[in-house]
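The residues of the chain are indexed from 1 along the displayed sequence.
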Amino acid sequence: MHITSATSLGPTCTLRNAVQPNQRLCVPYSLICRFPSGIRPAESASSSKPRRYVHALRKCTAQHRIVRSEAASFTEETTKAANPLRIVFVSAEVGPWSKTGGLGDVVGGLPIALAQRGHNVLTIAPRYDQYADAWDTSVTRNIDGQEVRYFHTKKNGVDRVWIDNDAFLAKVWGKTGGKLYGQRSGSDYSDNQKRFVLFNKAAIEALTALPFSPGEDCVVVANDWHTAMFPVLLKDQYQPNGQFSKTKVAFCVHNIAYQGRFWEEQFESLQVPSASKSKFAFEDGNPRVYDETEPDTADKPVLGDKGRKYKKVNWMKAAFLSADKLLTVSPTYATEIAANESQGVELDGVIRQAGGVEGIVNGMDTTDWSPNVDKFLDVKYDADTVDEGKVLAKEALQAELGLPVDASVPLFGYIGRLEEQKGVDILLAALPKALQSSNIQVAILGTGKKEMEREIMMLEDQFPDAAKGIAEFSTPLAHQIIAGSDFLMIPSRFEPCGLVQLHAMQYGTVPLVATTGGLVDTVKDGVTGFHLGKMDTDKLLDSDAEAVAQGMIRAANAFSTPAFQEMRHKAIAQDLSWLKPARKWEAVLEGLLTGSSEAKDRGAAVRTPVQTPEHVARSEKTAALREEAKAAARSPREPENVDTSAVKSKPPAAAAAGTATSRAGPTVSSPSRTGPTVSSPSRAGPAASSPSRAAPAASSPTRAGPATRSPAQVPKSTAGARAPPSSASADGGGATAPTSAAAGRPAPTTGSKPGAPTSSPSPRSPTAQAQKATNGSRPKAGSSDAAKSSTSVGSAGSAVASKPKAASAAAPNASAQGEAKPAAAAAPKAASAAAPAKPASSAGSSSSGSKTN
């Protein structure tokens, strides 16, 4: 067997019998000369035994690993569904043809995975460009006096149908050079209602108009407000006339902040059934809809009259009331948006009225985003060579950014939009404390608000040889930061699902995430990443900035420990592809179309990335015990092995003594609840009740396995306060984790920064996002994952103390889904007192109005 390998750094080398374990690839001489550590990473000082030095591409990582993985994936992909379905996705975006964020990624990747399962899958989207692989079908339809033409692409087993009309092709890619939804964020096209009514009507006709159309016996997935008219027209116009009687429609929310709110006067010209108008009826306190006639002016916010409501139409509301089933992109986000008015952006009651919403975690593209095939990496690596590959990737990134090349220094990365939703202002406010307290490096890549772009560009001057900010769009650099960083910061104020944390774990980069939305469902606290608590959705609080700084400090302390290496290996070993989510989608859609209870059971068996078999077993056992107790009319049983006497604070002196061992043994903190618990809403945004925390437990100095721990349980901490970190490493892999609750942190400051309006929601809150951009203004079409959709994730916060305090003596380990594990008595540790970080941006600045999933 001959395998030839080529790298971007030098000549190729040919190997024989490359799949044999002892074979190695040649590494270009220029690579060895470029990096001080060459091929051997620095030895960890805390390791109790020598590390296994291997070549960066040992065992032909870039070749035979690919062969093996392709063989495995082929076996899984060719496992066909027992009951093939006809599935249609209707969306304003389909990646990679048109994409501004997560919506395009989902409709680009999920249909392929479903087609591989044997389903007949078709997507329908506007034709924004002269797609080279799209062919004219010669099929046309007259929609409201306008001719629409259907183009077709067949790729990866999926039929891609494109609706061709000047409302899309000429408007977006013509002389205007505009975006999909408007010339710029916060200034949508004033005729967007007419554009997308036309699109929805043409999409319904496409179900029967084309030779390969699925017909009426199909299930349709409409996505976000742009396709909200699809279920409305189907239910109120077509089905009453005897058409599409067998067709079922699911409506999927990718970001509830974008609802499609318009002035009701425009609605009359849309030729929509009059019976449907009541479904669209809506009112809010915003005097604008942010289109070309009244654009968003961030520097001069326009405030409505106090207490006045403005009548509008709301497309997403009408879809909620018309669809057969509501879906969203993660279970935790599904819980959040139905919890209260703030998180549901004024549609929480409608969601409950419609019967609730089900969340299915997104998968990711493992073709372009995989370290063993990434064309932007000089040296490829996989799960077996992650330690060595990460060292080389880091040194390459440090050299690229002009930072000191030193693999022993923890490197924190951020890739995302520069705006408040992603928590960039929190991260910037936290950097002075984090960089002054630890020997770390920081790399930030993104574009967005000009004020934030200026701030990150100044980082190099403020922190020479420690921080670098790049305010530009760069796909290659985004891949290099994902691969070369040790930690990825994601401090989002809210996040429906997110993709960048999946990319990070796929590359062995440990994410530090805010405890919100899909970040809770994809990053297992203390096992594959760190949960850092819930950020305030309305204001930049000093306590949030302090929390992020403390999280970075604790993560840096854990960097050189064996448990961190274990966490890295667990992160990269996961299957984060669309394979599992596709099976979940399959079961949900089959159940919707056929009413099969067996399909519902199959769907329930598909777990999220944070749900381990042990987690599921414990959850099911707990549920069974509760049902048994209820049936017997007895009081609920007390949890077993609960030693509440062990839960008590150590004296300050003992706690202070524990700080000396903070680097010796890693600890892991985990929230002891299932998803974020929501407290009563307020104008400032939802408050999250905190996970319980206790003192950190000293872990084993080797990677042989977890230290023996005794059972313990800690009462839930009071909502609104952060607690100290808990002990225990789930599944044996732990690292010093930032705390994710709010007990012990300074009380939130009530005032926002100067200049913030007092009579309108903050631009950081989901409500403000909806009021400023619900008509769907998004970044430029065709953006890649690297700086657009991947960038739809922010950083994370960690628990802090306003003054030194003693940590609890013991705590249960809990996964991000909330069940406790036995935990050992912890080594005491004192939280350091720190001054609040200086806020980085004005709360008065408005949101860009450009959101992705």
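The two residues Gly104 and Lys99 come nearest to each other via the heavy atoms CA-CG, 3.9 Å. In this structure, Ile440 and Ala434 approach most closely via the heavy-atom pair CD1-O, 3.9 Å. Nearest heavy-atom pair, Thr328 versus Cys252, reported as atom, atom and distance to 0.1 Å: CA-SG, 4.1 Å. Residues Ser437 and Lys433 approach most closely at OG-O, 2.8 Å, considering heavy atoms. The two atoms that bring Ala582 and Leu114 nearest to each other are O-CD2, 3.4 Å, heavy atoms only. His503 and Ile482 get closest at one heavy-atom pair: O-CG2, 3.7 Å.
When each of Leu488, Val500, Val523, Asp525 is checked for a side-chain contact (heavy atoms from CB on, under 4.5 Å) with Val513, only Val523 meets the rule.
Counting only distance, with no hydrogens or angles, the side chain of Glu93 and the backbone of Thr100 share a donor-acceptor pair below 3.5 Å. Counting only distance, with no hydrogens or angles, the side chain of Thr447 and the backbone of Glu472 share no donor-acceptor pair below 3.5 Å. Judged by distance alone, with hydrogens and angles left aside, the side-chain atoms of Lys394 form a donor-acceptor pair with the main-chain N or O of Ala407 at under 3.5 Å. A donor-acceptor pair under 3.5 Å links the side-chain atoms of Asp544 to the main chain of Asp536, judged by distance alone. Under the 3.5 Å distance criterion, the side-chain polar atoms of Thr385 are matched with a main-chain donor or acceptor of Asp382. Under a 3.5 Å cut-off, the side chain of Asp387 and the backbone N or O of Lys390 do not form any donor-acceptor pair. Looking only at distances, no side-chain donor or acceptor of Thr528 sits under 3.5 Å from a matching main-chain atom of Ala571. Using modelled atom types, one side-chain atom of Asn223 and one backbone atom of Val221 make a donor-acceptor pair closer than 3.5 Å. Here the side chain of Glu336 pairs a donor or acceptor atom with the backbone of Gly517 at under 3.5 angstrom.
At least one side-chain heavy atom of Ile456 sits under 4.5 Å from a side-chain heavy atom of Leu418. Side-chain contact between Ser91 and Leu103: present, with at least one pair of heavy atoms (C-beta onward) separated by less than 4.5 Å. Between Gln398 and Leu401, every side-chain heavy-atom pair lies at or beyond the 4.5 Å cut-off. Looking only at side-chain heavy atoms (C-beta outward), Ile481 and Leu411 stay at 4.5 Å or farther from each other. Using a 4.5 Å cut-off on side-chain heavy atoms (C-beta onward), Glu388 and Tyr381 make no contact. The side-chain heavy atoms of Phe494 and Gln343, taken from C-beta on, include no pair separated by under 4.5 Å. Counting heavy atoms from C-beta on, the side chains of Asp365 and Asp105 never come closer than 4.5 Å. Taking the side chain as every heavy atom from C-beta outward, Arg417 and Val424 never approach each other to under 4.5 Å.
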Run the side-chain contact (heavy atoms from CB on, under 4.5 Å) check on Leu431 and Leu459 step by step: do they pass? CA-CA 9 Å; Leu431 288 184; Leu459 290 176; 3.9 Å; yes
Could you walk me through whether Asp486 and Phe559 satisfy the side-chain contact (heavy atoms from CB on, under 4.5 Å) test, starting with their C-alpha distance in whole Å, then the side-chain angles of each, then the deciding distance to 0.1 Å, before giving a yes or no? CA-CA 8 Å; Asp486 299 299; Phe559 172 66; 3.3 Å; yes
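Between the side chains of Ser492 and Gln421, not a single donor N or O lies within less than 3.5 Å of an accepting N or O. Side-chain contact check for Asp368 and His479: no donor-acceptor pair (N or O, by modelled atom type) lies under 3.5 Å. Defined by atom type and a distance below 3.5 Å, a donor-acceptor pair is present between the side-chain atoms of Asp374 and Tyr507. No side-chain donor from either of Ser342 and Asn340 sits under 3.5 Å from a side-chain acceptor of the other. Counted by atom type alone, Ser370 and Lys380 present zero donor-acceptor pairs between their side chains at under 3.5 Å. A side-chain N or O of Asp521 and one of Thr332 form a donor-acceptor pair less than 3.5 Å apart. For the residue pair Gln501 / Thr522, a side-chain donor-acceptor distance below 3.5 Å is found, with atom types taken as modelled.
With sequence neighbours left out, Phe487 forms a ring-ring contact (aromatic ring centres under 6.0 Å, His included) with Phe412, Phe564.
Rounded to the nearest 0.5 angstrom, Met552 CE and Leu512 CG are separated by 8.0 Å.
Here Arg493 does not pair with Glu419 in a salt bridge; the nearest charged N to carboxylate O distance is not below 4.0 Å.
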